[in-house]
There are 2 protein chains.
Amino acid sequence: MSAVLTRPTLLESQPAADPCAHCDARPSSVCNAIGERDLSRLAALTQVVEAAPGHTFISEGEPASHFFNITRGTAKLFKLLPDGRRQITGFATAGHFLGLAVSDTYAFSAEALEPTRYCRFPRNKLRGLLRDFPAMEARLLEVASNELVAAQEQMLLLGRKTARERLASFLVTLYRHSAPCGRTRTRFPLPMTRGDIADYLGLTIETVSRTLTVLRKEGLIDIPGPGVLIIANAAALERVAGGLN
Amino acid sequence: MSAVLTRPTLLESQPAADPCAHCDARPSSVCNAIGERDLSRLAALTQVVEAAPGHTFISEGEPASHFFNITRGTAKLFKLLPDGRRQITGFATAGHFLGLAVSDTYAFSAEALEPTRYCRFPRNKLRGLLRDFPAMEARLLEVASNELVAAQEQMLLLGRKTARERLASFLVTLYRHSAPCGRTRTRFPLPMTRGDIADYLGLTIETVSRTLTVLRKEGLIDIPGPGVLIIANAAALERVAGGLN
DNA sequence: CGGTCACTTGATCGTCTTCAATACCAGTGG
DNA sequence: CCACTGGTATTGAAGACGATCAAGTGACCG
């Protein structure tokens, strides 16, 4: 393949103003711990990058040179076994911070699902920044704590829930995250494929497809078209997700 | 039941000297981020508690009033579904810090496996301490990052590995943690029951028992008595754990 | 149009679960 | 001393859930 066909990351050589000042993702990201006045210091370390769908911008096991902050789009985070079995550990959307690890190699891979934009910071330089801005360190701890809680919830799902409960849990979580501020939408996009959902829930494509069909026939959800999901009966879905019925 | 029979936590009314100064777990815990001179401030907030085997000292869903630091023994951390299905998310030994969560309720329960000692700190007071000692906050972030990596590894196990691979992974992890400083021991205690192992690996007691028997007959491990494990062929076990063969 | 890709649906298979019986040990009390 | 109990572990037989194998559809695209 030629370099063009592999769709490498496009580096936007941010010539003009402060990229952080106009960042859509700032309110929901860790960067909001840094005041307006000090943003330029952060911006000086920042490199804005665009990843095309399917592009892997973090590879498990490679030297961990950067931290990442997603500002647009969605990426899947995953780990692989030697024979190709894959476990998606999470989906990262705008505001998510990636690369938190003490190890000197990445513990997971990340691949863009949609056109995805992210900032990256050299690890060593960010360390100094954290020293100067303890508020950002506190914010990172907050983020990491929340992710830890989510990871434990996912362990419960993977270890103890049935396929039906897993799908319900997944859809309910999407539903809850569909609008950050209290308000939820019943109709929202489903950017991941059946294969991605399967690898996230520890199932196969076929089981995901079958189970979605069942939930649809029961009237709990609807899938009017590819990539679109409608929550028709949120209460019932939450009950299923919790293991009742 | 009477209060005596339920074996409640015994509060050691630490009358004498600084508990932190003589703490065995300090080198491996987050407290080592605080210098000798400031230890007294930490000690003033600390309450040393002893938990008998089987005692639940953190309950999922209850108001999160404290942080915890295990200093001796082992505890299992777990989440429950309404019908009683249980997922153990980890085992906490000396040096482990518990309770990192932004939520105002605990996200998991913790139960002592052996006689277990821990320190507890009121949440609100520790916040002030973290403000004054950024080094401790940095240390907590480090701990949380490591736990996050471990959690992702566990997701891979629960979502994609076979029973055989799960057991091998579990035993290899125990093996690696058997001695912190490089040196590993081939014989070490196995304080958890088959039920605990099953709930940690997303299996049943019977499958755990059967699989251990197979590994034993293959000569990869030996179980000379209850609670004792011998790693006979670490290399082969690691291969199985990694999904090869 | 042929090609690929994502998805759905059906039939069969296999791993792990479930149900059940047995053994073992420690503690307790007749 | 020994029966009785409760907890833990092992082992066997049957069953179920999800995986695997396979076929077919529709959308998109060169």
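All chains are named by letter (A, B, ...) in the order of the sequence lines, taking the proteins before the strands, and each is independently numbered beginning at 1.
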Task: Residue closer to the 5' end of DNA chain D, B:Gly195 versus A:Ala163 (nearest nucleotide) - done: B:Gly195
Open item on the list: Ring centroids only, cut at 6.0 angstrom: are A:Phe78 and A:Phe108 within range, meaning strictly under it?
Closed with: no
Open item on the list: Taking the side chain as everything from C-beta on, heavy atoms only, tell me whether B:Arg120 gets closer than 4.5 Å to B:Val49.
Closed with: yes
Open item on the list: When you measure only distances, ignoring hydrogens and angles, does the side chain of B:Arg210 come within 3.5 Å of the base of C:dT18 through a donor and an acceptor?
Closed with: yes
TODO: Specify the residue among A:Glu206 and B:Leu203 whose closest nucleotide of DNA chain C lies further upstream toward the 5′ end.
DONE: A:Glu206
Task: Spacing of A:Arg216 atom CZ relative to C:dC7 atom C1', expressed in whole Å - done: 11 Å
Task: Qualifying residue for side-chain contact (heavy atoms from CB on, under 4.5 Å) with B:Val208, from B:Thr211, B:Ile205, B:Leu212 - done: B:Leu212
Open item on the list: I want to verify a distance call: between C:dC16, C:dT8, C:dT9, whose nearest atom is closest to the A:Thr213 side chain?
Closed with: C:dT9
TODO: Specify the separation, in whole Å, of atom CD of B:Glu165 and atom P of C:dT15.
DONE: 12 Å
Task: Interatomic distance, B:Arg194 CZ vs D:dT11 C1' [rounded to whole Å] - done: 14 Å
Open item on the list: Can you tell me if B:Thr193 touches the phosphate of D:dT8, counting only side-chain N or O atoms and a distance under 4.0 Å to OP1 or OP2?
Closed with: no
TODO: Would you indicate which nucleotide in C:dT17, D:dA19, C:dC7 comes nearest to any side-chain atom of B:Thr207?
DONE: C:dT17
- [ ] Check whether any side-chain N or O of A:Thr204 sits under 4.0 Å from OP1 or OP2 of D:dG18, and answer yes or no.
- [x] no
Task: Partners meeting ring-ring contact (aromatic ring centres under 6.0 Å, His included) with B:Phe67 (sequence neighbours left out) - done: B:Phe97
TODO: Looking at every strand, decide which applies to A:Gly202 at a 4.0 Å heavy-atom threshold: base, sugar-phosphate, or nothing.
DONE: sugar-phosphate
Open item on the list: Without decimals, in angstroms, what is the distance between A:Leu212 CG and C:dA6 P?
Closed with: 16 Å
Task: Integer-rounded Å distance: D:dT10 C1' and B:Leu215 CG - done: 15 Å
Please tabulate, one pair per line, all N/O donor-acceptor pairs under 3.5 Å involving side-chain atoms of residues 230-244 of chain A, not counting sequence neighbours.
unit_1	atom_1	unit_2	atom_2	d
A:Asn233	OD1	A:Ala236	N	3.1
A:Glu238	OE1	A:Arg176	NH2	2.5

Open item on the list: In whole Å, I'd like the distance from the CG atom of A:Asp199 to the P atom of C:dA6.
Closed with: 13 Å
Open item on the list: Whole angstroms only, please: what is the CG-P distance between B:Leu201 and C:dT15?
Closed with: 19 Å
Task: Whole angstrom value for the distance that separates C1' of C:dT17 from CD1 of B:Ile205 - done: 12 Å
